[in-house]
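Each chain gets a letter, A, B and so on, in the order its sequence line appears, and its residues count up from 1. Computed over heavy atoms, backbone and side chain alike; hydrogens, waters and symmetry mates excluded.
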Protein chains: 2
Amino acid sequence: MKRVSIKDIAQAVGVSTALVSYVLNNKEKEARVGQKIAEVIRVKARELGYQPNQIAKSLKTGRSQTIGLIVADISNPFFANIARTIEDEAKKYNYTVIFGSSDEAADKSQNLINILLERQVDGFIIAPTEGSEEQIRSLQDQRIPFVLIDRYFPDIQTNFVVTNNYQASYQAVRHLAGQHRKKIAMIAYKSELVHMKERERGYLDALKDSGLDSDLNLVKEISYNFIQREVGEVMGQLMRGHPDIDAFFFGSNALSMGGLRYLNRNNYRIPETISVVCFDESEAFDLFYAPLTFVNQPLLEMGKEAVRILAEQISGKQPQLDQVFVDSALIVREKH
Amino acid sequence: MKRVSIKDIAQAVGVSTALVSYVLNNKEKEARVGQKIAEVIRVKARELGYQPNQIAKSLKTGRSQTIGLIVADISNPFFANIARTIEDEAKKYNYTVIFGSSDEAADKSQNLINILLERQVDGFIIAPTEGSEEQIRSLQDQRIPFVLIDRYFPDIQTNFVVTNNYQASYQAVRHLAGQHRKKIAMIAYKSELVHMKERERGYLDALKDSGLDSDLNLVKEISYNFIQREVGEVMGQLMRGHPDIDAFFFGSNALSMGGLRYLNRNNYRIPETISVVCFDESEAFDLFYAPLTFVNQPLLEMGKEAVRILAEQISGKQPQLDQVFVDSALIVREKH
DNA sequence: AAGATAGGCTTAATCGATTAAATTGCAACA
DNA sequence: TGTTGCAATTTAATCGATTAAGCCTATCTT
């Protein structure tokens with residue numbers, strides 16, 4: 001029942017383990033291995049059902065061929081989809097993915113980083129949580145390759161792949177204004193992370209450029225851990241304070257779900273009474289009674305780029321920074 | 001920049017690596033390590049920022065503390081949610097999760113198993129694809145611990161954790177009949193896997209027991225890879241052949257989405273014209289204009305059980321089989 | 001006082017690979 | 001014939017841990 005090792009093959013064939021290693025790694029040329037014996041070794045390896053022990057390989061080579069993926073929550077469709085694109089792309093580079101969910105908590109993030117470092121991942125793809133700056137700096141100090149996704153820290157020079165949040169947001173809100181909406185509210189996360197701040201900034205600038213009053217404090221922030229509870233409360237307060245709100249811009253997929261649910265429950269009609277634009281796509285939109293306009297992030301591209309950059313970092317080809325802003329598209333679905 | 005090893009600590013303190021190992025693994029008692037030196041070692045380890053090399057550990061102990069998770073598609077909410085519960089549960093057992101998506105293809109599944117075996121995972125949690133019986137048998141022959149989830153092979157005696165699909169389905173369709181639906185169609189996957197077959201069987205038995213004709217061939221099967229395209233076609237044919245269909249039972253989350261989309265597009269009113277029950281929950285239901293009744297699988301329980309069983313298998317405590325059927329609940333949402 | 005016991009620590013083999021360096025055998029060349 | 005050169009293969013160190021076994025020294029027993 002024991003797995004067969006290179007040693008077993010060597011013994012079966014009657015050669016040294018070195019030869020077997022050379023052959024099975026296709027280093028016959030460099031190592032000047034004889035043609036016949038190489039073939040014999042190959043046949044025997046197949047016959048015994050040899051499977052290389054990647055752990056042993058890793059220990060010797062210092063490469064685990066594994067990348068650590070840290071997201072806020074793998075069960076969130078946004079991250080689940082990203083994970084899938086990363087999985088597929090990583091496979092092309094012969095990497096395997098270990099994942100972990102930080103729940104947007106810095107301590108969990110640190111814990112995950114430690115665990116993954118102990119497992120000798122060759123690099124990280126991280127959607128960093130608020131307050132994880134030091135963790136990221138520490139990775140940098142240790143010269144451990146990584147790429148940030150979805151968010152980044154403007155104060156730290158790192159590789160990252162993020163959506164152009166400002167532009168996406170700006171475009172979305174301009175669209176609402178173009179629909180003759182006069183009082184556009186935004187529901188965001190309570191977070192100091194750039195991605196949210198940029199979405200808010202895009203919103204505010206779009207209001208200004210549309211000639212709308214941006215001083216009304218129509219941006220409400222919700223804590224990550226209590227979306228379902230808080231969204232309703234916050235939107236209720238907002239509508240009571242400003243009964244003439246005629247549009248909402250939701251800053252994430254979870255916020256959109258909560259927000260739309262609230263609007264449904266309270267019988268607001270979309271788009272007649274209230275117009276809506278959502279950040280992120282959701283298959284749920286297809287079931288909504290009205291066509292919904294949303295910001296579509298290019299997940300496939302993000303995943304591909306992140307893996308590409310990471311792979312280059314790991315192979316040491318790329319000492320310089322790679323900071324990628326991908327453009328998201330506003331998918332307009334309203335009937336005109 | 002090199003990571004600090006046990007050797008570095010040993011040198012810094014002036015002892016052998018053995019001592020350091022004993023201390024850092026809390027084996028001081030068994031190994032009779034002196035109190036003072038133990039403390040010195042511990043302090044120095046912290047001071048140097050020592051992080052154990054799990055790879056080296058694994059090589060020596062033969063345990064990678066890693067479990068391989070193979071699902072159809074990590075971006076499918078059902079599997080993404082399961083993955084999350086497995087992640088959390090695995091952490092409690094000090095395991096880390098490597099995942100892979102098989103896309104319901106046996107060759108990809110085999111490929112994933114190989115890759116994960118090379119990485120010396122201690123065990124697998126697998127949602128097996130159609131045609132992967134031999135792969136499962138092979139794992140058994142190699143005495144590699146694993147647990148199947150979501151589906152299993154009746155002809156192979158393995159551990160598994162699955163929903164009681166027959167019962168869930170039966171209950172769902174009985175519910176529809178109880179709503180005075182006379183012609184209930186089912187949309188399923190084209191698959192020989194038990195989970196689907198059991199859902200179909202539950203549907204048929206429910207029809208019979210409700211005094212409804214189950215000979216009408218109202219079950220339509222869709223291929224996994226072309227859901228979006230085929231669901232519409234198939235439902236169209238069905239409605240043309242049987243214009244008096246007054247209910248649909250959808251056999252999975254993706255089928256539900258496609259089916260509901262079709263019903264929406266063709267202006268069927270739910271539940272007035274057509275009643276619907278969906279297998280699996282989806283947050284999308286919250287955005288649907290009508291309350292939807294669905295079968296809720298206890299994902300948390302499934303994940304927990306799967307990890308528990310796997311952990312027991314790995315530790316060798318549990319030679320006997322563990323076959324768990326969890327009950328899913330019919331969440332009735334229609335207004336009465 | 002001699003032998004036994006226990007405490008404290010080191011030695012060294014091992015896990016399964018990789019790979020630089022050494023070795024062997026043989027043919028070709030001067 | 002003796003030397004060189006090259007092809008083919010082996011040797012052995014190494015990666016970073018674990019752990020059984022061994023070796024002192026000091027203390028306890030009788």
Note to self: The criterion is side chain to side chain contact (heavy atoms under 4.5 Å, CB included); which residues satisfy it with Lys57(B), sequence neighbours excluded?
What the structure shows: Asn25(B), Pro52(B), Gln54(B)

Check: Residues in side chain to side chain contact (heavy atoms under 4.5 Å, CB included) with Glu301(A), at least two apart?
Finding: Pro298(A), Glu305(A), Val326(A)

Check: Taking protein heavy atoms under 4.0 Å as touching, what does nucleotides 3-10 of chain D look like 5' to 3' if B marks base contact, S marks sugar-phosphate-only contact and - marks none?
Finding: ----BBBB

Margin query: Here's a test for you: under side chain to side chain donor-acceptor pair (under 3.5 Å), which of Glu134(A), Gln135(A), Gln140(A) qualifies with Arg137(A)?
Written below: Glu134(A)

Notebook entry, point to check: What is the 5' to 3' range of DNA chain C, first to last nucleotide, that sits under 4.0 Å from any heavy atom of chain B?
Noted result: dG7(C) to dG16(C)

Margin query: By the ring pair (Phe, Tyr, Trp, His ring centres under 6.0 Å) test, which pairs, at least two apart or in different chains, include something from residues 46-88 of chain A?
Written below: none

Notebook entry, point to check: Quick one: side chain to side chain contact (heavy atoms under 4.5 Å, CB included) partners of Asp88(A), sequence neighbours excluded?
Noted result: Arg84(A)

Note to self: By the 4.0 Å heavy-atom rule, please label Lys57(A) as base, sugar-phosphate, or nothing.
What the structure shows: sugar-phosphate

Checklist line | Under the ring pair (Phe, Tyr, Trp, His ring centres under 6.0 Å) test, residues paired with Tyr22(A) that sit two or more places apart | finding: none

Note to self: To the nearest 10°, give me the bend of the helix from dA1(C)-dT30(D) to dA30(C)-dT1(D), comparing the axes of its five terminal pairs at either end.
What the structure shows: 70°

Next item on the list: Quick one: list whatever passes side chain to side chain contact (heavy atoms under 4.5 Å, CB included) with Asn111(B), sequence neighbours left out.
Entry: Lys91(A), Ile115(B)

Next item on the list: If a pair satisfies ring pair (Phe, Tyr, Trp, His ring centres under 6.0 Å) and one of its residues is in residues 118-144 of chain B, list it, with sequence neighbours excluded.
Entry: none

Next item on the list: Would you mind listing every side-chain hydrogen bond (donor to acceptor under 3.5 Å, both in side chains) that reaches into residues 27-37 of chain A, with sequence neighbours excluded?
Entry: Glu28(A)-Arg42(A)

Next item on the list: Remember a base hit wins even if backbone is also touched, and classify Ser21(A) as base, sugar-phosphate or nothing at under 4.0 Å, heavy atoms.
Entry: base

Note to self: List the residues meeting ring pair (Phe, Tyr, Trp, His ring centres under 6.0 Å) with Phe160(B), not counting sequence neighbours, and say none if there are none.
What the structure shows: Tyr152(B), Phe325(B)

Note to self: Could you tell me how far apart Glu30(B) (CD) and dA21(D) (C1') are, to the nearest whole angstrom?
What the structure shows: 16 Å

